[in-house]
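What follows is a short report on a single structure.
Any value given below was found using the heavy atoms of this structure, including those in side chains, with hydrogens, waters and symmetry copies removed. For ligands, and for the atoms within them, numbers begin at 1 and follow the listed sequence.
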Amino acid sequence: MSVHIASTTAPVNIATLKYWGKRDTALNLPTNSSISVTLAQEDLRTLTSAATSASFERDTLWLNGKEESLDNKRTQDCLQDLRDLRRALEEQDKSLEPLSQWKLHIASENNFPTAAGLASSAAGFAALVVAIAKLYQLPQDMSALSKVARKGSGSACRSLFGGFVAWEMGEQADGSDSQAVQVLPLDKWPEMKAAILVVSDAKKDTSSTSGMQRTVHTSDLFKERVDTVVPRRFNEMKEAIVQRDFPRFAELTMRDSNSFHATCLDSYPPIFYLNDTSRKIIRLVDGINAFYNETIVAYTFDAGPNAVLYYEEKNEQKLFAFLYHLLSGVDGWKSKYGDEQLKAFSDAFSEASEKVEFYLDDELYKGISRVILTRAGPGPQDTTECLIDETSGLPKAL
Ligand SMILES: Nc1ncnc2c1ncn2[C@@H]1O[C@H](COP(=O)(O)OP(=O)(O)OP(=O)(O)O)[C@@H](O)[C@H]1O
Ligand SMILES: C[C@@](O)(CCOP(=O)(O)OP(=O)(O)O)CC(=O)O
């Protein structure tokens with residue numbers, strides 16, 4: 001039995017200008033353009049291997065070692081698009097093996113909790129599409145493939161690139177111009193870092209997919225957001241990124257998170273993603289920026305209570321003086337920093353503490369289960385790791 005296999009890794013991305021609302025739910029076409037930062041894969045990544053063989057009997061997906069149903073329209077649409085692209089190649093070159101007609105075995109692993117508001121679906125669909133595109137040796141570029149990933153989950157299209165990425169909403173009814181493009185490559189602003197404060201590992205109760213359509217159909221504020229606020233902010237944020245203007249980028253990011261959550265609250269019935277801990281984090285970030293009289297850190301929240309804080313490496317000590325003081329008992333510091341570095345954060349707090357006038361909530365740690373200290377990162381990567389056995393065509397762990 002001859003088995004063809006290809007593997008890739010793909011990153012998570014966290015939006016700084018949020019996608020919230022669809023104009024076409026079948027094709028995942030958004031009501032506004034969005035922008036995100038791709039995060040490093042040491043901390044958050046999906047690894048996917050895709051295999052095909054004339055002998056496979058049915059399409060099968062194993063996610064984190066367990067068979068998962070492929071019987072949903074979004075995944076089926078992605079597989080169909082990829083097979084169509086492969087078929088076009090086979091028609092041009094009759095010497096190619098008919099992979100488009102064979103069944104697929106896909107094995108995937110996330111190195112972080114799935115469906116916990118950490119954008120697993122974005123990394124998951126990006127990896128699925130890139131692994132199969134590689135298996136099929138498709139010539140399409142990342143923007144073209146992003147249109148396929150978009151059908152799996154809207155935000156997944158942005159995980160096809162590293163660095164700073166825009167999803168251009170497009171105008172066409174068939175989605176042919178709704179794709180991701182790179183705004184700035186990673187190596188132009190590698191100092192961008194991210195601290196994720198994991199507020200809750202629990203599965204959220206209103207999914208992004210259903211929450212955003214409730215907002216589209218019921219919120220008055222939403223119309224203002226998509227007609228006026230976001231189109232202006234999209235250009236301003238792209239400019240701030242290209243100029244590496246952190247204070248401007250940060251203010252736009254925080255304003256957009258606030259605007260997105262305001263439209264959630266304005267939905268009917270209202271949707272609540274932020275909780276008391278999220279609100280404490282917003283106050284803390286505000287207090288830190290005011291303390292330094294400079295915007296050194298930005299918060300943003302997706303469809304859940306977890307906070308993502310963006311900051312530049314040069315300001316790490318200033319930020320961590322406060323974060324480490326409040327959250328030193330929480331998991332996530334020791335795997336990244338040695339004792340000496342951690343002591344430097346504590347010393348920086350001692351130095352600053354006399355001048356602190358804003359309220360520091362010593363109980364913040366109670367609402368936070370761990371911190372993920374990471375940074376901006378590259379797009380999907382080739383890998384020598386492979387989750388499928390080349391002889392049996394089954395996941396190696398099984
Ligand atoms: N590696 C993967 N391969 C294929 N599909 C995946 C993968 N990881 C996650 N998914 C799909 O994404 C779903 C989780 O998406 P969901 O939007 O609920 O959570 P999330 O993406 O972690 O959170 P959020 O979108 O709020 O950031 C999973 O149930 C699964 O169907
Ligand atoms: C708040 C968000 O994270 C919403 C993400 O929504 P999804 O991409 O998960 O939604 P579907 O297209 O229905 O799969 C904002 C963002 O990532 O831009």
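Where the criterion is an N or O separation shorter than 3.5 Å, residue side chain and backbone included, Ser120 meets it with respect to ligand 1. At under 3.5 Å, a nitrogen or oxygen of Ala119, whether backbone or side chain, sits near a nitrogen or oxygen of ligand 1.
Between His261 and Phe301, the angle of the ring planes goes over 60°, which puts this pair in the perpendicular group of the 30/60° scheme.
Ordered by chain and residue number, the residues placing a heavy atom less than 4.0 Å from ligand 2 are Ala15, Lys18, Tyr19, Trp20, Lys22, Asn28, Arg74, Ser153, Gly154, Ser155, Arg158, Ser208, Thr209, Met212, Phe260, Asp302, Ala303.
Just one residue in the list Val371, Ile196, Thr300, Val297 forms a side chain to side chain contact (heavy atoms under 4.5 Å, CB included) with Leu309, and that residue is Val297.
Thr60 contributes a side-chain N or O that, together with a main-chain N or O of Arg58, makes up a donor-acceptor pair within less than 3.5 Å.
Residue Asp141 places its CG atom among more than 12 non-hydrogen atoms of other residues, nucleotides or ligands, all under 6.0 Å distant.
Of all atoms in ligand 1, listed by their number and element, those nearer than 4.0 Å to a heavy atom of Ser108 are 1 (N), 2 (C), 3 (N).
The shortest separation from a heavy atom of Glu68 to ligand 1 is under 4.0 Å, placing the residue in contact. Ligand 1 does not have Leu128 within reach: every non-hydrogen atom of the residue lies 4.0 Å or more from it.
A centroid separation of 6.0 Å or more is found between the aromatic rings of Phe222 and Trp20. Ring-centre distance between Tyr19 and Phe260: not below the 6.0 Å cut-off. Aromatic ring centres of Phe358 and Phe322: separated by under 6.0 Å. Checked against the 6.0 Å centroid threshold, Phe345 and Tyr337 count as a close aromatic pair.
A salt bridge links Arg255 with Glu251; the closest basic N to acidic carboxylate O contact falls under 4.0 Å.
Neither the backbone nor the side chain of Asp302 comes within 4.0 Å of ligand 1, counting heavy atoms alone.
Relative to atom 21 (O) of ligand 1, the option among Ser121, Gly124, Ala303, Ala15 with the closest non-hydrogen atom is Ser121.
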